[in-house]
K.L.:
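Following this message is one structure expressed as structure tokens.
Positions are given from 1, in the same order as the sequence printed here. What you are looking at is a predicted structure, and each value in this text was computed from that prediction instead of being measured.
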Amino acid sequence: MPRRTTTIGQGAFGRGVDRDYHEWEVARRVIDRRLPLTEDAVFILMRQILRQNKGTVLKVVRGSKDVGGYRYFRFSPDVDLLEVRPSGLIVGYELKGLRKSKPGHVMPPYYAGVDEALAYLVNPCGTPMTQSTFAGSIFDHLYLVHPAEDDYSCGLDSLKEVLGVCTPI
């Protein structure tokens with residue numbers, strides 16, 4: 001029987017449960033390795049960590065709206081996780097996790113997410129309704145969050161070093 005999909009806030013038989021408690025329970029199961037470290041699980045774990053900063057955490061930021069005929073900016077690609085800290089710092093996170101495959105779950109390639117993280121450096125893309133343009137990124141800090149296991153370090157360490165030297169990621 002295939003495993004049912006976990007929906008935060010929805011318990012067994014569709015009963016509602018406290019969202020914060022349920023999210024914490026799912027995070028605990030991921031940490032105990034009873035649930036796979038998928039991208040959604042990485043988001044839940046990151047959210048638990050980032051809550052300590054007392055900021056605002058937004059998932060899958062896609063764009064902004066037209067406000068009275070003024071500028072319109074869109075995020076391309078979508079920002080997986082956007083954190084606005086109380087100090088005003090804006091931090092972007094590109095999240096990667098295990099992927100489903102026939103035998104179970106597999107690690108993503110070590111370079112997965114680098115392209116999207118690089119695109120965040122010019123996010124949001126300016127598509128203004130007025131003549132003004134936007135240049136640069138809204139992010140003060142940018143992170144690529146990638147799962148790793150002790151025996152799975154193929155390329156990750158080298159990639160981390162290159163990104164650290166050549167980019168602010």
K.L.:
List the atom pairs, donor and acceptor, that lie under 3.5 Å between side-chain atoms in residues 138-145 and the rest of the protein, sequence neighbours left out.
P.N.:
| unit_1 | atom_1 | unit_2 | atom_2 | d |
| --- | --- | --- | --- | --- |
| Asp140 | OD2 | Ile90 | N | 2.8 |

K.L.:
Among pairs that include at least one residue of residues 27-47, which meet ring pair (Phe, Tyr, Trp, His ring centres under 6.0 Å), considering only residues two or more places apart or in two chains?
P.N.:
none
K.L.:
What are the two closest heavy atoms between His105 and Pro36, and how far apart are they?
P.N.:
CE1-CG, 3.5 Å
K.L.:
With side-chain contact (heavy atoms from CB on, under 4.5 Å) as the criterion, how do Lys96 and Glu116 come out once you've worked through the C-alpha distance, each side chain's angles and the decisive distance to 0.1 Å?
P.N.:
CA-CA 11 Å; Lys96 291 297 164 195; Glu116 293 175 79; 3.2 Å; yes
K.L.:
Val84 and Leu89: same hydrophobic cluster, using ILVMFWY side-chain contacts below 4.5 Å?
P.N.:
no
K.L.:
Would a hydrophobic clustering, with Ile, Leu, Val, Met, Phe, Trp and Tyr connected at side-chain separations under 4.5 Å, put Tyr111 with Leu163?
P.N.:
yes
K.L.:
When you compare the side chain of Arg85 with that of Val91, does any pair of heavy atoms fall below 4.5 Å?
P.N.:
yes
K.L.:
Is it true that Leu58 and Tyr120 fall in one hydrophobic cluster, defined by side-chain heavy atoms closer than 4.5 Å?
P.N.:
yes
K.L.:
For side-chain contact (heavy atoms from CB on, under 4.5 Å), just list the numbers for Lys59 and Asp40, CA-CA rounded to whole Å, side-chain angles, deciding distance to a tenth of an Å, and then say yes or no.
P.N.:
CA-CA 10 Å; Lys59 180 181 181 183; Asp40 288 336; 3.4 Å; yes
K.L.:
What closest approach, in Å, do His146 and Pro109 show between heavy atoms, and which atom pair accounts for it?
P.N.:
NE2-O, 3.0 Å
K.L.:
Can you check whether Met46 reaches Leu95 side chain to side chain, under 4.5 Å on heavy atoms?
P.N.:
yes
K.L.:
Looking at Glu83 and Arg47, is there a salt bridge between them, counting it only when a charged N and a carboxylate O are closer than 4.0 Å?
P.N.:
no
K.L.:
Of the non-hydrogen atoms in Pro108 and Arg99, which two are nearest, and what is the gap between them?
P.N.:
CB-NE, 3.6 Å
K.L.:
Is there side-chain contact between Leu118 and Leu121, with at least one heavy-atom pair below 4.5 Å?
P.N.:
yes
K.L.:
To the nearest 0.5 Å, how far apart are SG in Cys166 and CD in Glu161?
P.N.:
10.0 Å
K.L.:
Should Leu159 and Val114 count as side-chain neighbours, where that means a heavy-atom distance under 4.5 Å?
P.N.:
yes
K.L.:
Locate the shortest heavy-atom distance separating Gly55 from Pro86; write the atom from each residue and the value.
P.N.:
CA-CD, 3.7 Å
K.L.:
Are any of the side-chain heavy atoms of Leu50 and Tyr93 separated by less than 4.5 Å?
P.N.:
yes
K.L.:
Quick one: are Leu81 and Val42 in side-chain contact, heavy atoms under 4.5 Å?
P.N.:
no
